[in-house]
**Q** 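One structure, pasted below without further comment.
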Amino acid sequence: MPNRVILLRGNHESKYCTSVYGFEKEVLIKYADKGKHVYQKCLGCFKELPLASIIGGNVYTAHGGIFRNISGMQFKRAKGKGKKKRKIVLNPNVDNFSLGSLEELLEANRFVLDPPWEGANLIPSDVMWSDPSEKPGLSANDERGIGLLWGRDCTEEFLQKSKLKLIIRSHEGPDAREKRPELGKMDKGYTIDHEVTSGKLITLFSAPDYPQFQGYCPMISPIGRTPSLNLQKRLEEVMIVSFSATVRNHLATGNPWPNFGVNTIDYHFLEYKEMYNNYTQATEDRYRNKGAYIVLEPPNFDTPNFHSFEAVTPRPKVNPYYDYENVIDSDEELDLESMEKLD
């Protein structure tokens, strides 16, 4: 077992994401009159988390990825009345994208509640929100509305200039990769996205059977018996003990569900019918992906040992504390206007 654990900051450790995706509401409900105090303490902890780490002098780890050079960027002051409204923004007439260095990362101001999406302090947002790409070079991450996209040429340049061999990042689950078929699927919990002369870029995702809430199916037996993991088989068992051969034959030949009476057996059967339909929908909504973790061993820590694992089933029911069906996904473009209002 490790002697200590170092947590890195991800894009959801922010005021915006904790407000939108249910963390704030959960804390306020669970801690009642102390909820606001606890939530503020959590935000304070998030601000203190490091953005990245270097392991054994060979491995760069971060939630999103690499970042741009800030010193070579050109900015202009946007028009507005008063100092607070005169924002520093990128000059749109100048190509601002070049790769940043570890020295710049050390100097970046990470102590922000929300990583800036404009201005001169863009390294935190790049590190937490950026994604790899098959397209060469650095470009704006228009899909998310924040951070960068970087190609394998940038992976090679970053590894070579920083004298590193591996980049290990996260930030993309099976849903994100479904939208980007040019990159590897997240079925095993990890992908090797770039293999270049100096090393590799790896994306690691440790949440199996993703997403957490969509397609949730309650695994509760309406007749007091514990259902098997295979609900289709369990449904067939209930059909066999509860119904006549006539009804079973009726269903087996592809006919629609018959209209039953209100006796107890019919009620239980309809309950199982609904449960099976929910289960079918749940398995379609979920990706049934494996999660994974990496073990890096001394002395060089540059040879990753991958370990994939499956989710415990049945999944326990949890309260999402937000409207996950209608709230915009964090893999899509952020509501930057709402982010500004939270500042």
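Values reported hereafter were calculated over all heavy atoms of this structure, with side chains retained and with hydrogens, waters and symmetry mates removed.
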**Q** Quick one: pull up CD1 in I66 and CG in L138 and give me the separation to the nearest 0.5 Å.
**A** 6.0 Å
**Q** Quick one: do D131 and R144 make a salt bridge, cutoff under 4.0 Å?
**A** yes
**Q** Regarding R152 and D193, does a basic nitrogen lie under 4.0 Å from an acidic carboxylate oxygen?
**A** no
**Q** Among all residues two or more places apart in sequence or in another chain, which pass the salt bridge (charged side-chain N to carboxylate O under 4.0 Å, His left out) test with E157?
**A**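 Listed in chain order: K161.
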**Q** For K15, does its backbone N or O pair with a side-chain atom of D114 as donor and acceptor, under 3.5 Å?
**A** yes
**Q** Just by distance, do the side chain of E104 and the backbone of I70 share a donor-acceptor pair under 3.5 Å?
**A** yes
**Q** Do P115 and S14 have side chains that get closer than 4.5 Å, going by heavy atoms?
**A**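 Yes, close enough: below the 4.5 Å cut-off.
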**Q** Minimum heavy-atom separation for A62 and G65, please, with both atom names.
**A** CB-O, 4.0 Å
**Q** Give the cluster check for V5 versus Y293: same hydrophobic cluster or not, with ILVMFWY residues linked at side-chain heavy-atom distances below 4.5 Å.
**A** no
**Q** If hydrophobic clusters are built from ILVMFWY residues whose side chains come within less than 4.5 Å, do F97 and L122 share one?
**A** yes
**Q** Give the minimum heavy-atom separation between T191 and G184, together with the two atoms involved.
**A** CG2-O, 3.6 Å
**Q** How many angstroms lie between atom CG of D142 and atom CG of L149, to the nearest 0.5 angstrom?
**A** 7.5 Å
**Q** Just how far is it from atom CG of L159 to atom SG of C154, taken to the nearest 0.5 Å?
**A**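 Separation between the atoms: 11.0 Å.
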**Q** Please enumerate all residues that pass ring-ring contact (aromatic ring centres under 6.0 Å, His included) together with Y31, with sequence neighbours excluded.
**A** none
**Q** Between N58 (side chain only) and K165 (backbone N and O only), is there a donor and an acceptor less than 3.5 Å apart?
**A**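 Absent.
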**Q** Decide yes or no on ring pair (Phe, Tyr, Trp, His ring centres under 6.0 Å) for W129 and H63, but give the supporting numbers first.
**A** CA-CA 8 Å; W129 282 95; H63 182 75; 8.3 Å; no
**Q** Taking atom types as modelled, find out whether T303 and N305 have a side-chain donor-acceptor pair closer than 3.5 angstrom.
**A**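 Short answer, no.
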**Q** Is a side-chain donor or acceptor of S130 paired with a backbone partner of V127 at a separation under 3.5 angstrom?
**A**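 No; judged by distance alone, with no hydrogens or angles, the pair does not exist.
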**Q** Can you tell me how far apart CG (L43) and OG (S19) are? Round to the nearest 0.5 Å.
**A**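 Those atoms lie 7.5 Å apart.
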**Q** Under 3.5 Å, is there a donor on one side chain and an acceptor on the other for W150 and T155?
**A** yes
**Q** Partners of S125 by side chain to side chain donor-acceptor pair (under 3.5 Å), sequence neighbours excluded?
**A** none
**Q** Look up atom CZ in R288 and atom CD in E310, then write down how far apart they are to the nearest 0.5 Å.
**A** 11.5 Å
**Q** Run the salt bridge (charged side-chain N to carboxylate O under 4.0 Å, His left out) test against R110 and tell me which residues pass, sequence neighbours left out.
**A**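 Expected list: none.
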**Q** For salt bridge (Lys or Arg N to Asp or Glu O under 4.0 Å), just list the numbers for E13 and K47, CA-CA rounded to whole Å, side-chain angles, deciding distance to a tenth of an Å, and then say yes or no.
**A** CA-CA 8 Å; E13 281 72 63; K47 285 203 304 181; over 6 Å; no
**Q** Can you sort out the partners of S198 under side chain to side chain donor-acceptor pair (under 3.5 Å), two or more places apart, ordered by chain and number?
**A** E156
**Q** Do you reckon L8 sits in the same ILVMFWY cluster as I54, going by side-chain contacts under 4.5 Å, direct or chained?
**A** no
**Q** Tell me if the NE2 atom of H37 is crowded by more than 12 foreign heavy atoms within 6.0 Å.
**A** no
**Q** Would you say W117 and V112 are hydrophobically clustered, going by side-chain heavy atoms of ILVMFWY under 4.5 Å?
**A** no
**Q** I'd like to know if the side chain of N121 and the backbone of N109 have a donor-acceptor N/O pair within less than 3.5 Å.
**A** yes
**Q** May I ask you to decide if A207's main-chain N or O and N289's side chain share a donor-acceptor pair within less than 3.5 Å?
**A**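 A pair under 3.5 Å: yes.
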**Q** Measuring from atom OG of S71 to atom CD of E103, what distance do you get when rounded to the nearest 0.5 angstrom?
**A** 11.0 Å
**Q** Please check if the side chain of T18 supplies one atom and the backbone of F23 the other of a donor-acceptor pair under 3.5 Å.
**A** no
**Q** Where do Y60 and L105 land on the side chain to side chain contact (heavy atoms under 4.5 Å, CB included) test, with the steps shown first?
**A** CA-CA 12 Å; Y60 169 83; L105 177 59; 4.0 Å; yes
**Q** For the pair R68 and D126, find out whether any cationic side-chain nitrogen is under 4.0 Å from an anionic carboxylate oxygen.
**A**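 Answer for the salt bridge query: yes.
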**Q** Check whether any side-chain heavy atom of M128 sits under 4.5 Å from a side-chain heavy atom of H12, and report yes or no.
**A** no
**Q** Answer yes if L201 and L183 sit in the same cluster of Ile, Leu, Val, Met, Phe, Trp and Tyr residues linked by side chain heavy atoms under 4.5 Å apart, and no otherwise.
**A** no
**Q** Does the R169 side chain pair with the main chain of G64, one donor and one acceptor, at a distance under 3.5 Å?
**A** yes
**Q** Taking E24 for the side chain and Y39 for the main chain, is one N or O donor matched with an acceptor at less than 3.5 Å?
**A** no
**Q** Please write out which residues are connected to F306 in a hydrophobic cluster, directly or through intermediates, given that two of Ile, Leu, Val, Met, Phe, Trp, Tyr count as joined at side-chain heavy-atom separations below 4.5 angstrom.
**A** I55, V59, L166, I168, Y190, I192, I202, L204, I294, L296, F301
**Q** Let me see the working for K25 and Y322 under side chain to side chain contact (heavy atoms under 4.5 Å, CB included), right down to the final yes or no.
**A** CA-CA 8 Å; K25 185 176 180 181; Y322 77 104; over 6 Å; no
**Q** Looking only at heavy atoms, what is the nearest atom pair of K290 and S308, with distance?
**A**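 Distance-wise, the nearest heavy atoms are CD-CB, 4.0 Å.
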**Q** Could you walk me through whether F205 and Y210 satisfy the side chain to side chain contact (heavy atoms under 4.5 Å, CB included) test, starting with their C-alpha distance in whole Å, then the side-chain angles of each, then the deciding distance to 0.1 Å, before giving a yes or no?
**A** CA-CA 10 Å; F205 194 73; Y210 193 80; 3.8 Å; yes
**Q** Check the pair F158, L102 against side chain to side chain contact (heavy atoms under 4.5 Å, CB included), reporting the backbone distance first and the verdict last.
**A** CA-CA 9 Å; F158 183 80; L102 293 179; 3.9 Å; yes
**Q** Okay, side chain of R177, backbone of E182: is any donor-acceptor separation there less than 3.5 Å?
**A** no
